[in-house]
Amino acid sequence: METLLQGITSITWQQVVMMLIGCLLMYLGIKKEYEPTLLVPMGLGAILVNFPGTGVLTQMVNGHQSEGVLDILFNAGITTELFPLLIFIGIGAMIDFGPLLQNPFMLMFGAAAQFGIFFTVVVAVLFGFDIKEAASIGIIGAADGPTSIFVSGQLAANLLGPITVAAYSYMALVPIIQPAAIKAVTTKKERQIRMTYKAEDVSKTVRIVFPIAITVVAGFIAPISLPLVGFLMFGNLLRECGVLDRLSSSAQNELVNIVSILLGLTISVKLVASQFLNVQTLMIIAFGLVAFVMDSIGGVLFAKLLNLFRKKKINPMIGAAGISAFPMSSRVIQRMATDEDPQNFVLMYAVGANVSGQIASVVAGGLLLSFFS
Amino acid sequence: MLLATSDLALAGELMIFGMVGIFLVLFLLYIISQILIKIFPANKK
């Protein structure tokens, strides 16, 4: 009888709190549909890993080490960086560079909207994190889950759990965070700026050569970023080359789905109460918000700076779309533009900036890694 | 977690390196995409 009750009697309040956090993650994923592909597996995973003596983690049983399945998956897929990279192939296959290539200047907004990453690094250092931990916290501002996992896995694996939770949670909260940040630094008149859109066709050759060109540039400037950039662009090449539709479809569907299931569950290894419930985690969650807010502000201020020199003004909200959360950010910008002026249509510019953010976030991740290499 | 001034200096350096680097890379991609669009224009039917 004592053995049957051992689980209940030996559980700590911290483990109960983590199980409740797991329930919250599942609630957000299922009820609110916030990033459900990751939050639902992570939520259940948080419950699985917090039972006393849980079999999903490596345990000593009768003096012998019994390997837990989640530890095996973690060592195979996260420690080796395999899972985030495989997901990148699928994401690459989903990205349409068309709207960006129709307005290549939107690339600059992708760069500006990475400001939150580097700003947050400074903030985290000011609060006492060491430089590598601070860089891992800053990468939450990439608004790109796999990049956050990849970079923090290399620079501060001990912070992987809270960083992943923060990255995916804030990505889901973009519709709440961005309007507040944008309104803080723009006037109503600026948000009403109209932009005429002239659709230009992009040739198939340009679409094929573009991902290869990005790979070559990244290879020369930050070769350490090649796993990130190369896998993303490989996925895009599958999509655009026109002769590998079957592989492109598999990358976008089967590959991403299978790896997402494993990634979400596996990340929960880092949601063990003893590692997760501490002041550091709360600080990381707070700094993640700072990163997202400063990304949006950086993008908007860059657009406002350009407007000082341009005859044809840019709606500064476009700058905030230069984050990687696609297509959520561009939708938010269009909705805000319509709220201010029902006839204002800025969606295609916002999509261009948003796609640029997908490139810029992996480049930023690569630059962080190359700084420490 | 004590503030190390050397880390703060590194963070400032990282910020400059990162922002300059990212603008440089994306500006390069902008130039490349403009060149590609000029060399391989879309067929206008």
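Letters A, B, ... mirror the listed sequences (proteins, then strands); counts begin at 1.
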Heavy-atom distance under 4.5 Å to chain B: side chain of A:A222, backbone, both or neither?
-> neither

From B:Y30 OH over to A:L100 CG, what is the distance, rounded to the nearest 0.5 angstrom?
-> 11.5 Å

Starting at CZ of B:F23, measure out to CD of A:Q114 and round the result to the nearest 0.5 Å.
-> 9.5 Å

One option among A:D201, A:L107, A:I221, A:V217 has the most heavy-atom pairs under 4.5 Å with chain B, and it is A:L107

Can you tell which part of A:F302 gets under 4.5 Å to a heavy atom of chain B, answering side chain, backbone, both or neither?
-> side chain

Name the orientation class of the two ring planes belonging to A:F371 and B:F17 (parallel below 30°, tilted from 30 to 60°, perpendicular beyond 60°).
-> tilted

Smallest heavy-atom separation, A:D130 atom then B:D7 atom, equals CA-OD2, 3.3 Å

Which bit of B:L26 comes within less than 4.5 Å of chain A, counting heavy atoms only: side chain, backbone, both or neither?
-> both

All heavy atoms of A:L367 vs all of B:G18, minimum pair found to be CD1-O, 3.7 Å

Check whether A:V122 gets within reach of chain B through its side chain, its backbone, both or neither, counting any heavy atom under 4.5 Å.
-> both

Of all the heavy-atom pairs spanning A:A111 and B:M19, show the shortest one and how long it is.
-> O-CE, 3.8 Å

Measure distances from A:A134 to the heavy atoms of chain B and classify the residue's part below 4.5 Å as side chain, backbone, both or neither.
-> neither

May I ask you to name which of A:I131, A:I117, A:V121, A:L368 has the most heavy-atom pairs under 4.5 Å with chain B?
-> A:I131

Region of A:I214 that comes under 4.5 Å of a non-hydrogen atom in chain B = both

Taking C-beta and beyond as the side chain, do A:L101 and B:L36 meet within less than 4.5 Å on heavy atoms?
-> no

Which distance, rounded to the nearest 0.5 Å, do you find between the CG of B:L29 and the CZ of A:F210?
-> 5.5 Å

CZ of A:F372 to CG of B:L14, rounded to nearest 0.5 Å, is 5.5 Å

Which one, A:A124, A:A213, A:G366, A:S203, leads in non-hydrogen pairs under 4.5 Å with chain B?
-> A:S203

How many angstroms lie between CD1 in A:I359 and CD1 in B:I22, if you round to the nearest 0.5 Å?
-> 10.5 Å

NZ/A:K132 to CG/B:L10 distance, rounded to the nearest 0.5 angstrom?
-> 10.5 Å

Given a strict heavy-atom distance threshold of 4.5 Å, which part of A:F97 is in contact with chain B: side chain, backbone, both, or neither?
-> neither

